[in-house]
Engineer: 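Pasting a structure here, questions to come.
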Amino acid sequence: MSDFIISIDQGTTSSRAVLFSAEGNILVIAQTEFPQYFPEQGWVEHDPIEILNSTYAVMDDIFNCDELKNGRVVGIGITNQRETSVVWDKKTGIPIYNAIVWQDKRTTGVCEELKNRGLDEYTKLTTGLLIDPYFSGTKVAWILDHVDGARERAIKGELCFGTIDSWLLYNLTNKEVHATDFSNASRTMMFDITSLKWDEKMLSFLRVPIEILPKVFPSSCVFGHYKSIDFGEIPIASIMGDQQSALFGQGCFTAGSAKNTYGTGCFMLMNTGTEIPSSTSGLLNTIAWQINGVTTYALEGSVFIAGSALQWLRDGLSILEDVELSSEIAERESSLNPDSSVIVVPYFAGIGSPYWDMYARGAIYGLTRDSGRESIIRATLESLAFQSQDVLQAMQEDSGISIFKLQVDGGASANDYLMQFQANILGVEVERPVNLESTAAGVAYMAAITLGYLTIDDISNLNQAEELFKPSKSIEWRMRKTKIWNDAVKRTVTNL
Ligand code: ADP
């Protein structure tokens, strides 16, 4: 009889459940996409029930897989799209509004007001974040302001707020547990990352009643139990936001180690140990995880539009049949036109790190008469690497640490052209694990730690096969390309 751990990875575009052996090896992946809703310009919503049903569907696939015929599930870990906010009725568990997704910009005006009141510095010092619609705080307030009677019910303690981890936990525990972990709480703009408590001042600035907030626990602990048909009560033994989980899954346990995830957005995180370095370059301080009372922090650069720019080529412009074809197309186009100066700046929803401009919008520059669909596909792909370069540079400046190798993961990191271009533009090696499921792995490893199956040392010694992309271009090439990108950014960002 073998022991297994299920990792639930609830992402922005799909839900996954992944089966790991208790020793940390990946065995089976189940995945399903769910609908995205864009009710108005700049608004992005998910239906929390659809999120839940897609999660149950992939969990069922895993529970019914052959590998479990001679085994048992001993633990569950949850990792999730962060900041996305749900408010639901405490008794019935019914959401009072759709989930407002991290990409949603409807609270730009409220953020502007908070900035005008001079709250930038307090927010940064307390929460580690910059005032932006990206984070949960203003999204929760919006729901309370726009759903009839919600604010009064919130004050009376009849409603619950949660990020997606809390929403799943509450449902998986049969409405018994309303909680979150430190890494998710640190993305709400309501949590003091030093005292590790909800911050009353931030709550009053945002007008969010404390009664609706979840309890906050370490990332490594038993949050509650899921009653399964075949395996009885299974402990939910870890929770981490997706980016922190990927940092953990990539084995970035020591200060100075960093990873970049290329998913819907692009997120670069560097472990800063127990320190919270101040950032002058538009990076965020965030809680990576807490294990055995020790809190580990990270510096984070967030790029809002990355893989989703490829989806835009596919679904919006209809010039790309399948995102996976973009590597081959870009490769061909770059061998035909090595000196193309077409630049796509995909700031469709403003720009996060390092400029934090809520008002910037996307643009295409450098078109010539012979530019075609392939030039735009290639430039869009390259924009993921350029944006990552901007973040990496900021990270090196803030931390004083030079990064010689970038560890990568996420859906779009499967793209060979992108990875080679990234290595070339940075002039550093890019290391891609053969198993790209670092996000799912993070909480599986963490659950294994909670349940006593693994230690951090065991995880460091797990044999992970990797592919290496080495820089193959001259410094002059890098400088020329970077200059063309920087010029395009200057023309696009409104606050430069
Ligand atoms: P998330 O967890 O944010 O939902 P994933 O890590 O699953 O994201 O990655 C999905 C994203 O990666 C999508 O935006 C998709 O367009 C992009 N993507 C997937 N495969 C490729 C590929 N081969 N080349 C470029 N982009 C890709």
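Sequential numbering from 1 along the given sequence is applied to the chain's residues. One-based numbering, in listed order, for ligands and for the atoms of each. Heavy-atom basis, side chains included; hydrogens, waters and symmetry copies ignored.
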Engineer: Please confirm whether the ring centroid of Phe161 lies under 6.0 Å from the ring centroid of Trp88.
Structural biologist: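 So the answer is no for these two rings.
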Engineer: Considering only the protein, which heavy-atom contact is closest to atom 27 (C) of ligand 1, and what is its distance?
Structural biologist: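 Here the closest protein heavy atom is Ala412 CA, 3.5 Å.
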Engineer: Mark yes or no: Lys473 above the aromatic ring of Trp477, with NZ or CZ under 6.0 Å from the six-membered ring centre and no more than 45 degrees from the axis.
Structural biologist: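 Yes.
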Engineer: Find all atoms of ligand 1 within a distance of less than 4.0 Å from any non-hydrogen atom belonging to Glu324, and give their numbers and elements.
Structural biologist: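 The atoms of ligand 1 under 4.0 Å from a heavy atom of Glu324 are 23 (N).
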Engineer: Report yes if the side chains of Val73 and Ile5 come closer than 4.5 Å at any heavy-atom pair, otherwise no.
Structural biologist: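 No, their side chains stay 4.5 Å or more apart.
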Engineer: Starting from atom 2 (O) of ligand 1, which protein heavy atom do you reach first, and at what distance in Å?
Structural biologist: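 So the nearest neighbour among protein heavy atoms is Gly11 CA, 4.2 Å.
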Engineer: Within the structure, does Thr13 bring an N/O atom to less than 3.5 angstrom of an N/O atom in ligand 1?
Structural biologist: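 Among all N and O atoms of Thr13, at least one is under 3.5 Å from an N or O of ligand 1.
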Engineer: For the residue pair Ser326 and Asn415, confirm or rule out a side-chain donor-acceptor distance under 3.5 Å.
Structural biologist: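 Ser326 vs Asn415: donor-acceptor pair found between side chains.
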Engineer: Has ligand 1 got any nitrogen or oxygen that is less than 3.5 angstrom from a nitrogen or oxygen of Gln31?
Structural biologist: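 Gln31 vs ligand 1: no N/O contact under 3.5 Å.
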Engineer: Any N/O of Asn415 closer than 3.5 Å to an N/O of ligand 1?
Structural biologist: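 Right, the criterion is met.
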Engineer: When you measure from atom 3 (O) of ligand 1 to every protein heavy atom, which one gives the shortest distance, and what is it?
Structural biologist: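 Going atom by atom, the protein heavy atom closest to atom 3 (O) of ligand 1 ends up being Thr264 OG1, 2.6 Å.
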Engineer: Among all the protein's non-hydrogen atoms, which is closest to atom 7 (O) of ligand 1, and how far away is it?
Structural biologist: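 The protein heavy atom lying closest is Arg16 NH2, 2.9 Å.
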Engineer: Using a 4.0 Å heavy-atom cut-off, say whether Glu328 meets ligand 1 through its side chain, its backbone, both or neither.
Structural biologist: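 Looking at Glu328 and ligand 1, no heavy atom falls under 4.0 Å.
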Engineer: Tell me whether Glu321 at atom CD has more than 12 heavy atoms from other residues, nucleotides or ligands lying less than 6.0 Å away.
Structural biologist: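 No - once you tally the heavy atoms of other residues, nucleotides and ligands closer than 6.0 Å, there are 12 at most.
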Engineer: Taking non-hydrogen atoms only, is Ser308 closer than 4.0 angstrom to ligand 1 via side chain, backbone, both or neither?
Structural biologist: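 The answer is the backbone.
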Engineer: Under 6.0 Å from the ring centre and within 45 degrees of the ring axis: does the NZ or CZ of Arg378 meet both conditions for the six-membered ring of Tyr417?
Structural biologist: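 Arg378 over Tyr417 ring: no.
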Engineer: Name the closest protein heavy atom to atom 6 (O) of ligand 1, giving the residue it belongs to and the distance to 0.1 Å.
Structural biologist: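 Going by distance alone, atom 6 (O) of ligand 1 is nearest to Gly411 N, 2.9 Å.
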Engineer: Among all protein non-hydrogen atoms, which one is nearest to atom 16 (O) of ligand 1, and what is the separation to 0.1 Å?
Structural biologist: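 The protein heavy atom lying closest is Gly307 O, 2.9 Å.
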Engineer: My understanding is that only one of Leu172, Thr55, Asp181, Val443 makes a side-chain contact (heavy atoms from CB on, under 4.5 Å) with Ile78; could you say which?
Structural biologist: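 Single pass found, and it is Leu172.
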Engineer: Is it possible for you to check whether Arg82 lies under 6.0 Å from the centre of the six-membered ring of Tyr134, through NZ or CZ, and within 45° of that ring's axis?
Structural biologist: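 Geometry flag: not set, cation outside 6.0 Å or 45°.
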Engineer: If you count the atoms of ligand 1 from 1 in the order shown, which ones are under 4.0 Å from a heavy atom of Gly410?
Structural biologist: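 It comes down to these atoms of ligand 1: 6 (O).
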Engineer: Exactly one of Asn285, Leu269, Leu247 should register a side-chain contact (heavy atoms from CB on, under 4.5 Å) with Glu300. Which one does?
Structural biologist: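 The single option meeting the side-chain contact (heavy atoms from CB on, under 4.5 Å) with Glu300 is Leu269.
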Engineer: Less than 6.0 Å separating the ring centroids of Tyr347 and Phe304?
Structural biologist: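 No, they do not, as the ring centres are separated by 6.0 Å or more.
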Engineer: Could you establish whether Gln81 and ligand 1 come within less than 4.0 Å of each other, counting only heavy atoms on the residue side?
Structural biologist: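 Per 4.0 Å heavy-atom rule, Gln81 does not contact ligand 1.
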Engineer: What's the shortest distance from atom 11 (C) of ligand 1 to any protein heavy atom, and which residue and atom give it?
Structural biologist: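 Residue, atom and distance for the closest contact: Gly263 C, 3.8 Å.
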Engineer: Grab the two heavy atoms, one from Val216 and one from Phe191, that are nearest each other, plus how far apart they are.
Structural biologist: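 What the structure gives for the nearest pair is CG2-CE1, 3.8 Å.
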Engineer: Going by the atom numbers of ligand 1, which of them fall below 4.0 Å from some non-hydrogen atom of Gln311?
Structural biologist: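 Atoms satisfying the 4.0 Å criterion: 13 (C), 14 (O), 16 (O).
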Engineer: List every atom of ligand 1 that sits less than 4.0 Å from any heavy atom of Thr12, numbering the atoms from 1 in the order shown and giving each element.
Structural biologist: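 Atoms satisfying the 4.0 Å criterion: 3 (O), 4 (O).
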